[in-house]
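The chains referred to below are lettered A, B, ... by the order of the sequence lines, with proteins before strands, and numbering in each begins at 1.
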Amino acid sequence: MEEYNFKEIEKKWQARWEKEEAFKAVDFHPTKPKFYVLYEFPNISGNIHMGHLKGTIPADALARYKRFKGYNVLFPIGGDAFGLPAENAAIKTGIDPHDFVANGSKNIWGQFKKLGLSFDWDRTFCTSDEDYYKWTQWIFVQLFNHGKAYKKTGYVNFCPNCKTTLSNEDSQGGKCDRCGSTVIQKERSVWFLKMKEYSEKMLENVDRVKMAEHLKEAQRNWIGRSEGMQVTFNLLDESGNVLDKVEIFTTCVETIYGVTFLSLAPENKIVDKLKNYIQNFDEVEEYREKTALRSEFDRMSDTKTKTGCLVKGLQAVNPLTSAKVPLYLADFVLAGYGTGAVMAVPTHDQRDFEFAKAFNMPIIQVIEGDISEHAVEKYEYLAKDSRLMNSAEFSGMKISEGKPKIAEKLIKMGVGEKKINYKMTDWSFNRQRYWGEPIPIVNCPHCGAVALDEKDLPLTLPKTNDYLPNENGDSPLSKVSDWVNCKCPKCGRDAKRETDTMPNWAGSSWYWLRYTDPHNKNALADFDKLKYWGSVDCYTGGTEHITRHVLYSFFWQNFLYEIGAVPTRDPFVKKMGSGLILDDQGKKMSKSSTNGVSPLEVIDKYGTDVARMHVHFLGGYEDNTPWTFDGISGIVSFINKVWALQDIVKDGDVSKEHIIPLNKLIKKVGEDLEELRLNTAIASFMIFIKKVRDDGFITKEELRQFLILLNPIAPHITSEIFERVFDSQILDQKWPDYDEKYLTEAVVQIAVQVNSKIVARVDVETNLSNDEIASKVQENESVKNALLGKNIVKTIVVPGRIVNFIVK
RNA sequence: GCUGGUGUGGCGGAAUGGCAGACGCACAGGACUUAAAAUCCUGAGUUCGCAAGGACGUGUGGGUUCGACUCCCACCACCAGCACCA
């Protein structure tokens with residue numbers, strides 16, 4: 001047998017798969033059940049990197065496996081193309097982003113083909129294709145027409161480097177998601193999508209979709225649900241007349257007897273409303289101006305120093321105690337969360353504790369615990385279920401008992417109601433960028449904001465060669481005046497188009513739906529096709545998108561479901577987060593990392609099957625694994641052994657020597673593929689091949705089954721051997737079944753223990769009963785000796801594994 | 001700080017509460033070879049011992065159990081998410 005020429009053979013099969021369109025998904029297949037596997041489509045930029053290899057090949061293995069199992073598999077690919085790389089290239093080199101994407105997608109898909117990925121190439125598209133973004137715009141119009149998109153002026157995240165507004169999701173950790181610059185706050189008029197309304201539904205998505213716990217937790221954290229109470233405090237003037245009221249939000253209503261002041265966000269409107277009663281309004285204004293200058297990130301990163309400003313002339317009344325307490329403005333109180341006002345309980349909230357110390361405020365302890373150094377905080381006293389004190393009739397009660405009673409009293413008095421707050425805010429949706437979907441809105445001086453009709457979509461992006469915002473920070477589109485000036489679709493008078501574009505996350509928030517019907521001209525996808533393909537059964541991709549893209553996806557799918565555009569609420573049944581390939585510094589391996597290894601290099605040197613298997617073998621799909629060439633020789637040697645099976649193949653059905661190893665292999669590999677635990681699947685292939693090589697033969701039937709099992713992991717070599725030996729296509733084969741009765745050997749070695757200490761290992765027939773096993777092992781000399789003169793008080797038998805005699 | 005996760009040889013990593021370290025790499029010895037590479041065989045957790053064999057071993061300390069990497073409690077370290085969210 002000649003050596004395995006991976007270069008030639010892998011190329012041959014890749015060409016054949018492409019020519020024969022081997023992996024086309026069939027809409028409405030008459031007999032096969034559907035299975036939808038999705039890999040997070042790549043950003044159209046340069047070349048593929050290790051992250052793509054790590055992310056795609058397990059999905060490919062799953063897709064190939066499910067086809068053998070008789071499923072009609074949809075495994076599509078596309079391009080996330082409205083994004084930074086194309087725009088940056090345009091700014092830097094003047095290349096038209098349309099061309100950049102056309103070339104870039106061709107390049108990256110070509111490289112995917114070299115990975116031997118079994119995509120349905122008939123369903124590809126980029127988010128920047130006109131007949132795709134037509135429907136992204138259509139979704140925006142639906143959001144607008146259903147009151148889920150609105151424009152509002154206020155302080156929003158702004159990246160001074162990218163010169164664009166950003167959403168919270170794009171500013172995680174106070175850094176711009178695209179360039180890493182520190183995000184500042186800027187006042188602008190911004191389009192928002194009412195994502196916050198969907199908080200509960202999105203939390204339900206999080207619960208339902210199968211995902212690793214840490215991913216669910218990250219999402220729950222981001223949505224930030226918190227149950228509490230909204231309580232009304234009356235505001236009085238100096239002489240005690242009720243002027244107004246202020247609502248506060250608290251999750252710790254049990255501490256209400258310990259309130260010694262209220263803290264308001266500097267932006268709180270009540271201050272303006274009661275301006276005339278405030279004696280130090282100059283001071284108040286000065287404080288507000290000072291805090292306005294600090295960016296929100298600044299305010300949040302400096303948590304040590306507490307600043308504030310007493311509002312003189314006003315006081316608040318604790319509804320339960322009637323105690324009059326002062327009012328402060330404090331910049332740690334965020335205007336955008338809850339009511340922008342909190343009750344301060346210095347003994348049970350560390351921030352209030354520090355504030356009270358800084359401003360010499362009185363403190364009242366209402367829950368037992370040591371308050372000499374720190375406040376006794378919620379997580380602490382709740383865990384202990386401590387007792388209340390200084391709380392009138394509730395004193396002495398445990399929190400678990402007192403808290404609901406205090407809440408009930410406030411509700412009865414009409415000054416409190418239960419309330420749920422979320423950290424997640426509405427999605428700030430427009431960007432001052434060229435390369436994005438134009439927002440299909442016309443601003444008419446008479447009709448206001450008017451959405452385009454469906455017949456006028458797509459609103460295409462005009463060509464330009466000026467990709468920078470103007471000096472006011474308006475989108476580059478604002479400079480294309482013959483595009484901007486238009487007629488109002490409603491009244492026909494002169495109007496101007498919205499010139500901002502959508503964020504790069506817009507197109508990715510629904511793309512899995514389009515794959516079900518990518519060429520549809522009349523709808524985002526045919527409803528029956530959406531129904532047929534349903535939710536994505538397994539969605540693989542990076543974990544870095546878990547609190548961005550995946551949450552946006554939940555949001556949009558919920559909305560589309562509610563307006564009847566799609567038949568399912570959950571976009572995905574299961575979401576798997578691909579681990580990272582790390583470089584030798586333990587950092588994410590990327591193109592920019594100094595010692596980044598390109599998958600193309602590896603393929604060139606070792607072949608695709610080896611590269612794929614090596615990455616699988618490095619570790620679990622969801623684990624981060626450092627890249628190393630160490631160990632790749634083991635895979636090379638395995639592949640060579642697979643090739644050499646052709647030398648020892650002989651005619652015949654499954655032999656009695658191999659029937660058990662083969663059945664075990666079928667079971668193990670199938671289970672591992674279901675869970676994408678491919679490292680252990682590979683280990684079991686190695687064990688099997690060792691066995692047949694030791695025996696010096698493999699029968700044709702055994703080889704047939706072996707090649708099918710291995711094909712999802714090493715598709716090229718298995719296709720080639722199959723064709724050579726069986727003169728037919730492996731893709732037409734069915735996944736072999738295993739038989740329970742061939743999973744255990746007739747005789748197994750079990751360990752015999754006396755008082756849990758191993759004294760012997762004994763071969764035992766597997767068909768014996770527990771009692772028979774116990775007496776059989778006692779025939780063994782070492783066991784006999786160990787039991788000599790002892791009294792067996794208990795015998796534990798675990799068939800196939802262990803016998804333990806407890807003696808006295 | 002809060003939340004979630006992880007902790008196993010020299011390394012990557014296996015183990016439904018039942019023989020810890022599968023499989024692979026690296027390593028050592030051997031075969032083949034003039035030699036090397038490749039290939040094949042053998043060995044190997046640590047430690048004491050020439051050996052037979054013994055002791056100790058899954059981050060640390062306790063517990064439950066006939067039996068714990070696995071379950072429970074406390075602690076430590078690392079990774080990730082959130083972080084003045086009331």
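Residues passing the side chain to side chain donor-acceptor pair (under 3.5 Å) test with Glu544(A), sequence neighbours excluded: none.
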Contact list (N/O, under 3.5 angstrom) for nucleotides 16-24 of chain B vs protein:
unit_1 : atom_1 : unit_2    : atom_2 : d
C19(B) : O2     : Arg761(A) : NE     : 2.4
C19(B) : O2     : Arg761(A) : NH2    : 3.0
C19(B) : N4     : Gln749(A) : O      : 2.6

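Residue Glu217(A) places its side chain closer to U3(B) than to any other of U3(B), C84(B), A86(B). When each of C82(B), C41(B), G4(B) is scored by its nearest atom to the side-chain atoms of Lys423(A), the top-ranked nucleotide is C82(B).
The same atom, C1', is picked in A68(B) and in A20(B); the two are 11 Å apart, to the nearest Å. Atom name P, nucleotides C23(B) and A44(B): the rounded distance is 12 Å, in whole Å. U46(B) and A52(B) are spaced 16 Å apart, taking the P atom of each and rounding to whole Å. C78(B) and A28(B) have their C1' atoms separated by 34 Å, given to the nearest Å. For C19(B) and C11(B), the C1' atoms lie 25 Å apart once the distance is rounded to whole Å. Look at the C1' atom in both A22(B) and C69(B): the space between them is 14 Å, to the nearest Å. Remark: the separation of the C1' atoms in U47(B) and G9(B) is 14 Å, to the nearest Å. Of the C1' atoms belonging to C27(B) and G45(B), the separation is 14 Å, rounded to the nearest Å.
Here C40(B) sits opposite G30(B) as a Watson-Crick or G-U wobble pair (both hydrogen-bonding atom distances under 3.5 Å). The base-pairing partner of C82(B), taking Watson-Crick or G-U wobble contacts with both distances under 3.5 Å, is G1(B). Judged by Watson-Crick or G-U wobble contacts below 3.5 Å, the nucleotide A15(B) has no partner. Here A51(B) sits opposite no nucleotide as a Watson-Crick or G-U wobble pair (both hydrogen-bonding atom distances under 3.5 Å). With both pairing distances under 3.5 Å, C71(B) is matched to G63(B) as a Watson-Crick or G-U wobble pair. Base pairing analysis places C25(B) opposite G10(B); the two distances defining the Watson-Crick or G-U wobble pair are each below 3.5 Å.
Phe685(A) has its CZ atom 17 Å from the C1' atom of A14(B), to the nearest Å. Asp630(A) places its CG atom 11 Å from the P atom of G12(B), with the value rounded to the nearest Å. Taking atom NE2 on His545(A) and atom P on G81(B), their separation rounds to 13 Å, with Å as the unit. Taking atom CG on Asn221(A) and atom C1' on G1(B), their separation rounds to 13 Å, with Å as the unit. What separates NE2 of His616(A) from C1' of G13(B) is a distance of 16 Å, to the nearest Å. Counting to the nearest Å, the P atom of A86(B) and the CD1 atom of Ile248(A) are 12 Å from each other. For the pair Tyr606(A) OH and C25(B) P, the interatomic distance rounds to 13 Å; values are reported in whole Å. The interatomic distance linking Gln172(A) (CD) with C82(B) (P) rounds to 5 Å, in whole Å.
Geometrically, Lys306(A) engages Phe332(A) in a cation-pi contact defined by less than 6.0 Å to the ring centre and at most 45° from the axis.
Put simply, Tyr337(A) has a side-chain N or O that comes within less than 4.0 Å of OP1 or OP2 on A86(B). The phosphate of G13(B) has neither OP1 nor OP2 within less than 4.0 Å of any side-chain N or O from Arg677(A).
As judged by a 4.0 angstrom heavy-atom cut-off over every strand, Tyr379(A) is placed among residues touching the sugar-phosphate backbone only. Among the atoms of the strands shown, only primed sugar atoms or phosphate atoms (P, OP1, OP2) are found under 4.0 Å from some heavy atom of Lys757(A). Contacts of Thr625(A) with the nucleic acid, taken as non-hydrogen atoms under 4.0 Å apart, involve only primed sugar atoms and P, OP1 or OP2.
Taking a cutoff of 4.0 Å between a charged side-chain nitrogen and a carboxylate oxygen, Glu671(A) and Arg677(A) do not qualify as a salt bridge.
If you find the closest nucleotide of RNA chain B to Gly620(A) and to Leu215(A), the one lying nearer the 5' end belongs to Leu215(A). Nearer to the 5' terminus of RNA chain B, by closest-nucleotide assignment, is the contact made by Glu377(A) (compared with the other of Glu377(A) and Gly619(A)).
Checking Thr547(A) against Glu169(A) by side-chain atom types alone, no donor-acceptor pair falls below 3.5 Å. For the residue pair Tyr422(A) / Glu200(A), a side-chain donor-acceptor distance below 3.5 Å is found, with atom types taken as modelled. Under the 3.5 Å distance criterion, with hydrogens and angles disregarded, no donor-acceptor pair is assigned to the side chains of Ser684(A) and Lys664(A). A donor-acceptor contact under 3.5 angstrom links the side chains of Trp505(A) and Asp170(A), judged on distance only.
Aromatic ring pairs are classed by plane angle as parallel below 30°, tilted from 30° to 60° and perpendicular above 60°; the pair Phe629(A) and Trp627(A) is perpendicular. Between Phe249(A) and Tyr337(A), the ring planes are perpendicular. Angles over 60° get that label, and only those under 30° would be called parallel. Relative ring orientation between Tyr381(A) and His348(A) is described as perpendicular, the plane-to-plane angle rising above 60° on a 0-90° scale split at 30° and 60°.
A glycosidic torsion no more than 90° from 0 defines the syn conformation, and G9(B) adopts it.
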